[in-house]
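Reviewing the structure listed below.
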Amino acid sequence: MPELPEVETTKEGIKSHLEGQTIKGVTVRNPKLRIPVPDNLDQLCAGKKIITVFRRAKYILIHLTKGYLVIHLGMSGHLRIVTAKSEPEKHDHILLMLTNGVILRFCDPRRFGLFLYIDENPYQHQLLAHLGPEPLSNEFNGHYLRQKARNKNKPIKSLIMDNEIVVGVGNIYATESLFLANIHPTTPAKILSESMCHVLATQIKEVLKQAILCGGTTLRDFYAFDGKPGYFSMSLKVYGRKNQPCLLCQHPIESLIIAGRNSFFCPKCQN
DNA sequence: CTCAGATCCTGTGCGC
DNA sequence: TGCGCACAGGATCTGA
């Protein structure tokens, strides 16, 4: 489900409900996630205060008076702010209860997500230590992308979805930004000129910014902290539009599997 | 090292 | 209406 805009929307939504509050306790209803939830999570969290809530890549980080919670939504996860009387449902695996009666609920049907506690600086943790730059930072630009692409033979779509190159660009936004940049998704990364890399980096930033403004993309199961969908799906230009006319030239949109992921493109506009 | 493919898991949506 | 199959927004591991 979530790419960077959805995670950003979630983080922004829960932030004000959590910061400054104290954790009463944690209920783990199902610890079986991509990495098992620590079985002493309740002891690790109870009584601690939440200092800040922030995001790095697709991870949501909760800085406690001591230690951090590291949350990843995987493919199908979402977080929701609810009140104590709200009954948890089947896939609500973790309930983080605050002393003021508010509960943060972690729901993840496919269980590809994560909910961990770490003591150390999260940026040094195994999961985050090797991540590339944030796509909306100045560090990520055409020159940087060209340097990373120049010796890579793999499709440009796979390159921009590689978290060590740039974080947060998943299948939808990789597909959309390549369309906006007029670059065919299977183009070997190394043949892209610096100016094409500049256009691509610019379009990645644009499409992510627009999606964040819309509250993310809801295709099927993404809902924000308050249960509302994201509206960027209205703005998708190629994703999911196989056989429909290209919005620029009317040629039917085609699809291809690239590195196991469905990819949509206009063969005329993206040559 | 580089890249493609399989894999973890459940729900949904489609075709028969 | 019911059933089975293909597919889904991610990330990591394996092996060619």
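Naming: A, B, ... by sequence-line order, numbering from 1 per chain. Predicted model, so just to flag it, every value in this text is computed and none were measured.
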Output one line per pair: protein atom, nucleotide atom from nucleotides 11-14 of chain B, and distance, for all N/O pairs under 3.5 Å.
from	atom 1	to	atom 2	distance (Å)
B:dG11	OP1	A:Lys90	NZ	3.1
B:dG11	OP1	A:His91	NE2	2.5

Protein-nucleotides 11-15 of chain C N/O pairs under 3.5 Å:
from	atom 1	to	atom 2	distance (Å)
C:dA11	OP1	A:His72	NE2	2.7
C:dA11	OP2	A:Lys58	NZ	3.0
C:dA11	OP2	A:Asn163	ND2	3.3

Taking only nitrogen or oxygen atoms into account, show me every contact under 3.5 Å that the protein makes with nucleotides 3-5 of chain B, one pair per line with its distance.
from	atom 1	to	atom 2	distance (Å)
B:dC3	OP1	A:Asn153	N	2.6
B:dC3	OP1	A:Lys154	N	2.9

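A:Thr218 comes within contact range of at least one nucleobase, with a heavy-atom separation under 4.0 Å. Counting any heavy atom pair closer than 4.0 Å across all strands shown, A:Phe232 reaches no nucleic acid atom.
Between A:His63 and A:Tyr68, the gap from one ring centroid to the other is short of 6.0 Å. Between A:His17 and A:Phe225, the ring center distance clears the sub-6.0 Å criterion. Between A:His93 and A:Phe115, the distance from one ring center to the other does not fall under 6.0 angstrom.
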Pairs of donor and acceptor atoms involving the side chains of residues 243-258 of chain A, under 3.5 Å and at least two apart or interchain, shall be tabulated with distances.
from	atom 1	to	atom 2	distance (Å)
A:Ser255	OG	A:Lys242	NZ	3.4

Could you give the side-chain donor-acceptor pairs of residues 121-130 of chain A under 3.5 Å, partners two or more places apart or in another chain?
from	atom 1	to	atom 2	distance (Å)
A:Asn121	OD1	A:Tyr123	N	2.9
A:His125	ND1	A:Leu127	N	3.0

Could you list the donor-acceptor pairs under 3.5 angstrom formed by side chains in residues 83-90 of chain A, with sequence neighbours left out?
from	atom 1	to	atom 2	distance (Å)
A:Ser86	OG	A:Arg105	NH1	2.9

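Taking side-chain N and O atoms only, A:Asn262 has a distance below 4.0 Å to OP1 or OP2 of C:dA8.
Atom C1' of nucleotide C:dG10 and atom CG of A:Leu4 are separated by 13 Å, given to the nearest angstrom. Spacing between atom NE2 of A:His130 and atom P of B:dC1 amounts to 13 Å, rounded to whole angstrom units.
Not a single salt bridge (charged side-chain N to carboxylate O under 4.0 Å, His left out) links A:Lys190 to another residue, sequence neighbours left out. Under the salt bridge (charged side-chain N to carboxylate O under 4.0 Å, His left out) criterion, A:Arg55 pairs with A:Glu8, A:Glu134, not counting sequence neighbours. For A:Lys154, the salt bridge (charged side-chain N to carboxylate O under 4.0 Å, His left out) test picks out A:Asp162, with sequence neighbours left out. Taking A:Asp42 as the reference, nothing meets the salt bridge (charged side-chain N to carboxylate O under 4.0 Å, His left out) condition, with sequence neighbours excluded.
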- prompt: With Watson-Crick and G-U wobble geometry limited to distances under 3.5 Å, how should the secondary structure of DNA chain B be encoded in dot-bracket form, using | for bases paired to another strand and [ ] for crossing pairs?
  reply: .|||||||.|||||||
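Aromatic stacking of A:Phe112 on B:dC9: not satisfied for centres closer than 5.5 Å together with planes under 30 degrees.
B:dA6 and C:dA6 have their P atoms separated by 13 Å, given to the nearest Å. Comparing the P positions of C:dC7 and B:dG5 gives a spacing of 14 Å, expressed to the nearest Å. When the P atom is compared between C:dT14 and B:dC9, the two are found 16 Å apart, to the nearest whole Å.
Interatomic distance, OG1 of A:Thr52 versus CG of A:Leu61, reported as 8.5 Å (0.5 Å rounding).
Side-chain atoms of A:Tyr239 and A:Ser233 include no donor-acceptor pair closer than 3.5 Å.
Identified under the side chain to side chain donor-acceptor pair (under 3.5 Å) test for residues 111-120 of chain A, with sequence neighbours left out: A:Lys48-A:Tyr117, A:Lys66-A:Asp119, A:Tyr117-A:Asp119.
With salt bridges taken as basic N to acidic carboxylate O contacts below 4.0 Å, none links A:Glu12 and A:Lys15.
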